Amino acid sequence: QIGFYAESTVSNEDIDFFVDNVRISDPTFNPLTCDDFESYNTGAMAGQSTDWLPWGGAFGTEDTEISTAQAHGGSHSMHVHDSGTNGASDIVRGLGDFAGGTHEVSFFFYVPANHGGYFNLMHFYDASGIGNTWAIEMYLNGQTGQADMLRGSASLNDTLTSFPFPTDTWHEAQFIVDLDADSADFVLNGTSMHQWQWSAGLPGVYGSLGAFNVYSAPIDTLPASIYIDDFCTGAVNAPCVVTTQPTTSDVTACEGLPA
């Protein structure tokens, strides 16, 4: 409940008081699913989660691990690297195959100096490999300190944005995807870095949000190493907006939302 009150500082002076465009909102991000990796045992990720699965679905073919070497919160994080027995890490988190609504994917990442890191968002993912479609790919060069975000569509593999990032520190990445408006916003450490058309104007699956993938992709000749922590996915709530001037009646509903 919000109350407004106007008081004159001069005796018998008329008071005009107007309020418009009142915005009332729950926190814009209500986490649906979060993972801080604290419940996992250190060592191989394989078999410890039904949410994080190896690319292609085959356990034992990649080296993603739970590590205590770095952590944003608590003592554990997920480490994707190329120094294990299989020489590669490649892990996928399904997001729900959304075709509408507004969704956020947020997490913290850490790239050691002189290493490379990589992650992507996918329009669609299937363990069989059939129909897999990338939305964006992020390449993090820990030697030059430059990040490049590329459009994932095979026919439009262009750079959306590039920016510097410090190594050996944690960064918060947020992707806010409005599938109804066909728009996306990438936010780094609270600052919007790039906004773009989510589908790139392509039909069908390109308007969907399907999965998040972290892979020990080769970045120049650098060894691969990236830590992921405090991963969350959730729905973004629209704020309550009232654009009518106050009347003697109470406001009981928000514009565009049911009463």
Side-chain angles (χ1 to χ4, degrees), residues 21-36 49-53 55 78 91-109 119-128 130-138 149-156 160-161 171-214 228-243 251-259:
N21 292 320
V22 177
R23 301 178 72 86
I24 305 171
S25 176
D26 291 331
T28 56
F29 179 38
N30 290 331
L32 295 182
T33 304
C34 288
D35 199 340
D36 60 9
S49 173
T50 57
D51 294 321
W52 297 96
L53 297 174
W55 184 271
M78 184 174 72
I91 197 138
V92 183
R93 174 72 176 246
L95 300 176
D97 293 325
F98 296 110
T102 303
H103 308 273
E104 180 169 336
V105 180
S106 70
F107 54 93
F108 288 82
F109 69 87
F119 57 80
N120 67 65
L121 287 175
M122 302 187 70
H123 293 297
F124 178 80
Y125 167 77
D126 188 273
S128 69
I130 298 174
N132 286 344
T133 310
W134 285 256
I136 64 95
E137 298 180 88
M138 187 75 76
M149 187 171 78
L150 277 61
R151 195 188 307 274
S153 307
S155 60
L156 294 168
L160 292 171
T161 187
H171 300 277
E172 183 182 20
Q174 296 170 282
F175 291 89
I176 302 169
V177 182
D178 186 339
L179 297 172
D180 298 324
D182 193 20
S183 65
D185 187 8
F186 167 55
V187 180
L188 181 70
N189 299 322
T191 299
S192 177
M193 304 299 290
H194 188 70
Q195 298 177 348
W196 72 101
Q197 184 182 16
W198 177 248
S199 72
L202 299 174
V205 70
Y206 293 96
S208 300
L209 173 62
F212 173 75
N213 169 231
V214 193
I228 303 292
D229 205 356
D230 295 329
F231 180 93
C232 290
T233 62
V236 177
N237 295 334
C240 170
V241 180
V242 181
T243 56
V251 175
T252 58
C254 300
E255 294 183 1
L257 298 176

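Start at 1 with the first residue, then count along the sequence. Predicted model only: the values in this text are computed from it and were never measured. No hydrogens, no waters, no symmetry mates; every other heavy atom, side chains included, goes into these values.
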Item to check | Chi angles and distances behind the side-chain contact (heavy atoms from CB on, under 4.5 Å) call for Phe107, Met78 | outcome: CA-CA 11 Å; Phe107 54 93; Met78 184 174 72; over 6 Å; no

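Atom CD of Gln197 and atom CG of Leu202 lie 8.5 Å apart (nearest 0.5 Å). We find the CG-CG distance between Asn213 and Leu95 to be 10.5 Å, quoted to the nearest 0.5 Å. If you take CG on Leu188 and CD on Glu172, they are separated by 8.5 Å, rounding to the nearest 0.5 Å. In this structure, CG in Leu150 is found 6.5 Å from CD in Glu137, a value given to the nearest 0.5 Å. Atom CE in Met138 sits 4.0 Å away from atom CZ in Phe119 (nearest 0.5 Å). Rounded to the nearest 0.5 angstrom, Ile91 CD1 and Leu53 CG are separated by 7.0 Å.
Across all non-hydrogen atoms, the minimal contact from Asn132 to Asp126 is OD1-N, 2.6 Å. Across all their heavy atoms, Gly100 and Leu179 have their closest contact at N-CD1, 3.5 Å. In terms of heavy atoms, Gln174 sits closest to Ser106 at CG-CB, 3.9 Å. The two residues Ala135 and Trp198 have their closest heavy-atom pair at CB-CH2, 3.4 Å. Across every non-hydrogen atom of Ile136 and Asn120, the tightest pair is O-CB, 3.0 Å. The two residues His103 and Val236 make their nearest non-hydrogen contact at C-CG2, 4.1 Å.
Scored by the ring pair (Phe, Tyr, Trp, His ring centres under 6.0 Å) test, Trp55 finds Tyr125, Trp134 as partners (sequence neighbours excluded). With sequence neighbours left out, the ring pair (Phe, Tyr, Trp, His ring centres under 6.0 Å) criterion links Phe108 to His72. A search for salt bridge (charged side-chain N to carboxylate O under 4.0 Å, His left out) contacts involving Asp36 returns nothing, not counting sequence neighbours. For Ser192, the side chain to side chain donor-acceptor pair (under 3.5 Å) partners two or more places apart in sequence, or in a different chain, are Asp185. Shown here are the side chain to side chain donor-acceptor pair (under 3.5 Å) partners of Asn189, two or more places apart in sequence or in another chain: His171.
Counting only residues at least two apart or on different chains, the salt bridge (charged side-chain N to carboxylate O under 4.0 Å, His left out) pairs with a member in residues 92-103 are Asp35-Arg93.
Aromatic rings from His123 and Tyr206 are positioned such that their centres are separated by under 6.0 Å.
Using modelled atom types, one side-chain atom of Ser49 and one backbone atom of Asp51 make a donor-acceptor pair closer than 3.5 Å.
When Phe231, Phe109, Phe175 are each tested for a ring pair (Phe, Tyr, Trp, His ring centres under 6.0 Å) with Phe212, only one passes: Phe231.
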